[in-house]
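Side chains included, hydrogens not; waters and symmetry mates left out as well; all remaining heavy atoms used. Counting starts at 1 for both ligands and their atoms, following the listed order.
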Amino acid sequence: MRGLLLLLYMFYGISWAQSDVTDQQERLEWFKDAKLGVFIHWGYYGVNGITESWSLYHKRIPYGEYMDQGEKFTASKYDPEEWAGLFKEIGAQYAVLTTKHHDGVALWDTKLSHLNVVQKTPAKRDLVGPYVEALRKEGLKVGLYFSLCDWSHPDYEVVFPRPDTTKDYPPKKQKNSDSWERFVRFYRGQLRELSALYNPDLYWFDGDWEKSADQWGSMALKDSLLKWNPRVLVNSRLNDYGDYKTPEQGVPVVRPEGPWEFCMTMNDNWGYFPSDTNYKPFSQIIRTFVEVIASGGNLLLNIGPKPDGTIAKEQRERLKVLGGWIQKHKTAVFNTEAGLPYGHFYGPSLISKDRKKLYLCLFNNPKNYIQLKGIQNKVASIKILGNGETLTFERNGGAEWNNIPGILRIGIPKKENLDQYVTVVEVSLEDELLLYRGHGNAVELNK
Ligand code: GLC
């Protein structure tokens, strides 16, 4: 009997695990092809131009003064349709908006706290709904950022002096519960609101590191999120319950395993921070994008709109320049996957989904010839994307009859055909890519 039970358990256990994996693969489908998303850090912190929430943590500003910024958070020029149009134009497939950062200020009309832009700011309205609607109109996927830690909630302990904030939270109905239970109910309630109101495609959690998965109830939360929307995606910051990894600020040196997204600021801050003029040059933003997609990830590039809802000139410019590069090279960007493994080409590359085209990305102007190693296929043609210049090529060395392919010497493009930032060389193969990954060996039977 016990044996039978064990067998049943194993059978159902395994098939359940398999279907979960398939589901996850299905849910991740659009995400794996997205390549570019826009991160939006919009909150009180842009009023004084200080660090989002962390200025509280580091005691750089008293709690009261931080919250006073709300009086100047006007959203008076907020035009989410313009935002969405811009995101679409540059080739982004999704965006992620901070609905609530660690400071606890909600950008929507939450019924669970008075600390929201409807009640506390001259904006006086829900700012999440119009964003969701505008993105959907453009066919973009909707991401909502939500900080699990909430440094304003009276039941959440903080490391900085905070006055009594209970008046900002409707009286607690639940008796006999301890403060942590109350907090968990509160934050889950807010997520229930967000899901019911906006049904996002993706939740971008943050701040999970402050508590354990058990404390947050991460597993139960993931279950609920999937119950509310079986197609929803969740980033990795829900302890171990996320669907994809989220490295931040430093481009990974080693290719992460599984689906991932790299988020990055354009200057050194997430929110609007006018005194921070340390903007990354266009070239760096484009190179980073190329490196990320060539390693199979998405870039979630951040903007920090001003308190009135407009996007600073420097940030708009960067979005547009990246968008221009993507437009010119869209065949390499979309419908491709992570490129060649280490050793074949000195630089990032991409492989088309049918595995018949390789895209070699040149960060520098080539000298003598462009080198590609270990390709066993016959090459049909090679050209430069964006202007169609065809390049000559010649195979050299190797011992083909022994499956040692030698190198492919590709002629260098005309100077005027090199891209200002990153030039992309399209190598069309006669059939599906076949790579030689050997260490080399003696040619035992020679011609
Ligand atoms: C960090 C910070 C937060 C920021 C986030 C974006 O985790 O805590 O301020 O919003 O990164 O990735």
So which heavy atom in the protein is nearest [atom], and how far is it from that ligand atom?
atom: atom 2 (C) of ligand 1; value: Trp54 NE1, 3.4 Å
atom: atom 11 (O) of ligand 1; value: Glu248 OE2, 2.7 Å
atom: atom 10 (O) of ligand 1; value: His41 NE2, 2.6 Å
atom: atom 9 (O) of ligand 1; value: Glu52 OE2, 2.6 Å

Donor-acceptor pair between [X] and [Y] side chains, under 3.5 angstrom:
X: Glu138; Y: Trp83; value: no
X: Tyr203; Y: Ser195; value: yes
X: Asp201; Y: Tyr94; value: no
X: Gln215; Y: Ser212; value: yes

- Query: For ligand 1, is there an atom lying under 4.0 Å from some heavy atom of His102?
  - Reply: yes
- Message: I'd like to know whether ligand 1 has Ser53 as a neighbour, heavy-atom separation below 4.0 Å.
- Response: no
- With a 4.0 Å heavy-atom cut-off (strictly under), which part of Gln249 contacts ligand 1: side chain, backbone, both or neither? neither
- Task: Kindly say whether the aromatic ring centers of Phe186 and Tyr169 come within a distance under 6.0 Å.
- Result: yes
- Query: Any N/O of Trp209 closer than 3.5 Å to an N/O of ligand 1?
  - Reply: no
Under 4.0 Å from any heavy atom of [X], which atoms of ligand 1 are there?
X: Trp204; result: 12 (O)
X: Phe39; result: 6 (C), 12 (O)
X: His101; result: 3 (C), 4 (C), 9 (O), 10 (O)
X: Cys263; result: 12 (O)

- Item | salt bridge (Lys or Arg N to Asp or Glu O under 4.0 Å) partner of Asp150, the single match among Arg182, Arg162, Lys100 | Lys100
- With under 30° as parallel and over 60° as perpendicular, where do the rings of His102 and Tyr145 fit, or are they tilted in between? tilted
- Query: For atom 5 (C) of ligand 1, which candidate among Asp103, Asn269, Asp206, Leu300 holds the nearest heavy atom?
  - Reply: Asp206
- Item | Main-chain N/O of Trp325 paired with Tyr421 side-chain donor or acceptor, under 3.5 Å | no
- Can you tell me if Gln315 uses its side chain to pair, donor with acceptor, with the backbone of Gly304 under 3.5 Å? yes
